[in-house]
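See structure below.
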Amino acid sequence: MSKLFAQNTKYGELEYDEILLYYDGPCIFSVRNKLGYRFVCLLETESENADRYLVVPVSLERYNLFIRNNWSIRNLYTQAEMGGVFSVTFSHGKEIINEHSLAEIEAMNLPDANEMLEFNGGYTTREILVDSAEKNVPIFQKSLEKNGTHRQFIYADEFAKESKKFQEAFYGIAKDWLKHIPDAQKDRRAAIMSAARIPYYATFPASFGIQIEGLEYPLIGEDETDFAKIVKTFFELTSISGEQSADFFEEHQNALIALKSYYKTLLSLGFSVKMKAATPRHEYYKRQMSQDEISNRYGFLSRIMSANVEQVVLIGTWTQISFEAKTFRFKSDDGKVINGKFDEDFDESVFDFGRKIKILVEKEKKVGRMREESEKYTLLSIVQDAGL
């Protein structure tokens with residue numbers, strides 16, 4: 001799929017932004033122009049000869065209401081706040097653009113007035129992430145950088161793994177808070193867990209990974225929400241170093257375990273990550289982590305949480321791969337041969353036996369019942385280094 005959706009003489013080039021509903025192709029999605037204005041597109045009619053999309057410009061406020069199921073699909077077009085509703089028809093290789101009056105829009109093939117974004121037909125965003133991951137649905141979400149290569153698709157199983165681990169890091173923060181809340185305060189405990197639940201539409205792969213966006217919150221004062229505090233804590237945890245006290249690591253134990261798991265998933269899937277706080281005024285606005293930085297942070301958490309686990313980078317060649325058993329054998333340049341298993345999230349399917357490569361593995365020292373020592377290796381990622 002090309003990044004360009006259509007070109008309008010009034011708004012310029014419209015490029016794909018987010019897929020909101022997918023069923024055998026994008027059915028409801030957003031596009032943006034060069035100035036950053038956003039439009040919502042609906043596949044209004046579909047046939048063998050032509051597909052017609054209804055397009056409406058939306059403000060950020062209206063868009064956020066829409067994706068939160070507080071504004072119906074039909075009303076998005078029949079109550080357009082800025083006017084300018086038009087259609088884009090693709091027929092026999094041609095692109096036809098027409099503006100439409102309210103009467104014409106009312107007569108079109110639109111959902112009922114009460115139909116929200118997540119209705120019981122086709123794939124909703126939540127179904128793509130949770131229910132249809134095993135179907136490996138290709139989801140177009142802007143573009144994704146994976147192992148240094150540009151591509152236009154991310155698949156549901158990868159997205160689900162990444163999003164699930166991302167969510168677990170927020171739940172980890174909430175669980176740490178709950179240690180200080182009495183069991184009797186059930187409403188307060190439930191409110192904290194609810195605040196840690198990140199909407200799926202706010203976690204999507206952008207150019208480099210996960211973002212949190214679209215939610216404004218105050219930085220200080222009594223009106224600061226639990227969600228704002230959890231987001232702030234999350235960004236603080238991504239900045240930890242050896243300068244923190246033992247009490248800090250104890251206080252955030254659940255969150256750090258979940259964060260380590262999140263980093264491990266990113267490494268296994270070959271992703272780097274860009275994270276954004278909800279508002280440009282936030283001190284943690286725009287934080288980027290390359291794969292190398294993620295690797296370093298994962299290694300740091302492994303060291304402080306377990307003295308028996310460390311990361312190892314090896315350069316050498318494969319000698320054996322078993323896809324069925326998910327095991328490997330690797331010979332490094334210094335002649336050492338190691339045997340290990342793929343990480344549970346590792347999804348690489350191509351192994352080049354004909355060239356020297358660099359791999360990242362987790363080495364865990366194990367002690368058996370007879371006090372014998374052994375080493376367990378888990379393959380985290382492959383780095384196809386062209387310089388080798």
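Values below: all heavy atoms of this structure, side chains included; hydrogens, waters and symmetry mates excluded.
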For Gln79 versus Arg62, what's the shortest heavy-atom pair and its separation?
O-NH1, 3.2 Å

Set out, in order, the CA-CA distance, both residues' side-chain angles and the distance that settles side chain to side chain contact (heavy atoms under 4.5 Å, CB included) for Met108 and Leu54, then state yes or no.
CA-CA 9 Å; Met108 287 184 178; Leu54 197 59; 3.7 Å; yes

NZ on Lys229 to CD on Glu236, rounded to 0.5 Å
12.5 Å

According to a 4.5 Å side-chain heavy-atom criterion applied to Ile, Leu, Val, Met, Phe, Trp and Tyr, with indirect links allowed, do Phe90 and Ile97 form part of one hydrophobic cluster?
yes

Which is it for Lys165 and Ser261 under the side-chain hydrogen bond (donor to acceptor under 3.5 Å, both in side chains) test, yes or no, and what are the steps along the way?
CA-CA 7 Å; Lys165 297 293 185 180; Ser261 178; 3.1 Å; yes

Is a donor on one side and an acceptor on the other found under 3.5 Å between the side chain of Asn8 and the backbone of Gly12?
no

Non-neighbouring partners of Lys175 that pass salt bridge (Lys or Arg N to Asp or Glu O under 4.0 Å), sequence neighbours left out:
none

So, Lys341 and Thr378: side-chain donor and acceptor under 3.5 Å apart, yes or no?
no

Got Phe330 and Thr319 here, is their nearest side-chain heavy-atom distance under 4.5 Å?
no

Let me see the working for Thr238 and Tyr263 under side chain to side chain contact (heavy atoms under 4.5 Å, CB included), right down to the final yes or no.
CA-CA 10 Å; Thr238 64; Tyr263 289 154; 3.7 Å; yes

Got Phe66 and Val40 here, is their nearest side-chain heavy-atom distance under 4.5 Å?
yes

Val56 versus Leu76, closest heavy-atom pair with distance:
CG2-O, 3.7 Å

In short, Tyr63 meets Ser30 closest at the heavy-atom pair OH-OG, 3.6 Å

Heavy-atom closest pair (Arg297 atom, Ser239 atom, distance to 0.1 Å) is NH1-CA, 4.0 Å

Main-chain N/O of Glu162 paired with Thr265 side-chain donor or acceptor, under 3.5 Å:
no

Could you please spell out the steps behind the side chain to side chain contact (heavy atoms under 4.5 Å, CB included) verdict for Tyr77 and Glu44?
CA-CA 11 Å; Tyr77 298 91; Glu44 188 261 334; over 6 Å; no

Do Asp334 and Ser332 pair up side chain to side chain, a donor and an acceptor below 3.5 Å, judged on atom types alone?
yes

Indicate, with yes or no, if the rings of Tyr262 and Tyr298 have centres closer together than 6.0 Å.
no

Hphob cluster co-occupancy, Leu267 + Val313, side-chain heavy atoms under 4.5 angstrom
yes

Side-chain ion pair, Glu61 and Arg38, N-O less than 4.0 Å
no

Side-chain donor/acceptor of Ser91 to backbone N/O of Lys94, under 3.5 Å
no

Closest non-hydrogen atom pair, Asp333 against Gly316
OD1-CA, 3.7 Å

For residues Glu250 and Gln253, determine if any side-chain heavy atom of one lies less than 4.5 Å from a side-chain heavy atom of the other.
yes

At what distance, to the nearest 0.5 angstrom, does OG of Ser268 lie from NZ of Lys161?
8.5 Å

Under 4.0 Å between a Lys/Arg side-chain N and an Asp/Glu carboxylate O for Arg188 and Asp226?
yes

Let me check something: do Val361 and Val337 share a hydrophobic cluster, defined by ILVMFWY side-chain heavy atoms less than 4.5 Å apart, either directly or through other members?
no

Output yes when a side-chain donor or acceptor of Gln167 lies under 3.5 Å from a complementary backbone atom of Ala196, and no otherwise.
yes

If we ignore hydrogens and angles and just use 3.5 Å, is the side chain of Glu81 paired with the main-chain N or O of Val58 as donor and acceptor?
no

Side chains of Pro57 and Tyr37 in contact at under 4.5 Å (non-hydrogen atoms)
no

In this structure, CG of Leu360 is separated from CD of Gln291 (nearest 0.5 Å) by 9.0 Å

Here the pair of heavy atoms bringing Ala255 nearest to Asp176 is N-OD2, 3.1 Å

May I ask you to say whether Arg74 pairs ionically with Asp112, meaning some side-chain N is under 4.0 Å from a carboxylate O?
no

Just by distance, do the side chain of Asn75 and the backbone of Trp71 share a donor-acceptor pair under 3.5 Å?
no

Going by distance alone, is a donor N or O of one side chain under 3.5 Å from an acceptor N or O of the other, for Thr78 and Glu106?
no

For a 4.5 angstrom cut-off between non-hydrogen side-chain atoms, does Pro111 reach Leu42?
yes

State, with a plain yes or no, whether a side-chain heavy atom of Leu237 is found less than 4.5 Å away from one of His252.
yes

Can we call the ring centroids of Phe39 and Phe5 under 6.0 Å apart?
no

Rounded to the nearest 0.5 Å, what separation is found between the CD1 atom of Ile192 and the CD atom of Gln185?
8.5 Å

Strictly distance-based, threshold 3.5 Å: is any side-chain N or O of Glu15 a donor or acceptor partner for the main-chain N or O of Leu4?
no

Under 3.5 Å: donor-acceptor pair, side chain of Ser72, backbone of Ala113:
yes

Quick check on Phe300: does its CZ atom have over 12 non-hydrogen neighbours (other residues, nucleotides or ligands) under 6.0 Å away?
yes

Would you give the length of the straight line joining atom CE of Met193 to atom CD1 of Ile230, rounded to the nearest 0.5 angstrom?
8.5 Å

Tyr171/Phe166 aromatic ring centres below 6.0 Å:
no

Is there a continuous path of hydrophobic side-chain contacts, each under 4.5 Å between heavy atoms, that joins Ile96 to Leu14?
no

Tell me, do Leu379 and Asp343 make a side-chain contact under 4.5 Å, heavy atoms counted?
no

According to a 4.5 Å side-chain heavy-atom criterion applied to Ile, Leu, Val, Met, Phe, Trp and Tyr, with indirect links allowed, do Val85 and Leu102 form part of one hydrophobic cluster?
no

Of Glu104, Arg52, Glu99, His100, the residue whose pairing with Ser87 passes side chain to side chain donor-acceptor pair (under 3.5 Å)
His100

Please work out whether the ring planes of Phe29 and Tyr16 are parallel, tilted or perpendicular, with thresholds of 30° and 60°.
tilted

Is Asn69 reaching over with its side chain to a backbone N or O of Met116, donor-acceptor style, under 3.5 angstrom?
no

Salt-bridge criterion met for Lys376 and Glu362 (N-O under 4.0 Å)
no

Distance in Å, Asp183 CG paired with Leu178 CG, rounded so as to fall on 0.5 Å steps
9.0 Å

Start with the C-alpha gap between Glu375 and Lys336, add the side-chain angles, then the distance that decides, and say whether salt bridge (charged side-chain N to carboxylate O under 4.0 Å, His left out) holds.
CA-CA 13 Å; Glu375 296 176 346; Lys336 183 176 182 179; 3.7 Å; yes

Can you check whether Leu256 reaches Ile240 side chain to side chain, under 4.5 Å on heavy atoms?
yes

Under a 3.5 Å distance rule, please check whether Arg329 uses its side chain to pair with a backbone N or O of Ile321 as donor and acceptor.
no

Report the C-alpha distance between Gln320 and Asn339 in whole Å, list the side-chain angles of each, state the deciding distance to 0.1 Å, and finish with yes or no for side chain to side chain contact (heavy atoms under 4.5 Å, CB included).
CA-CA 9 Å; Gln320 184 178 339; Asn339 295 280; 5.8 Å; no

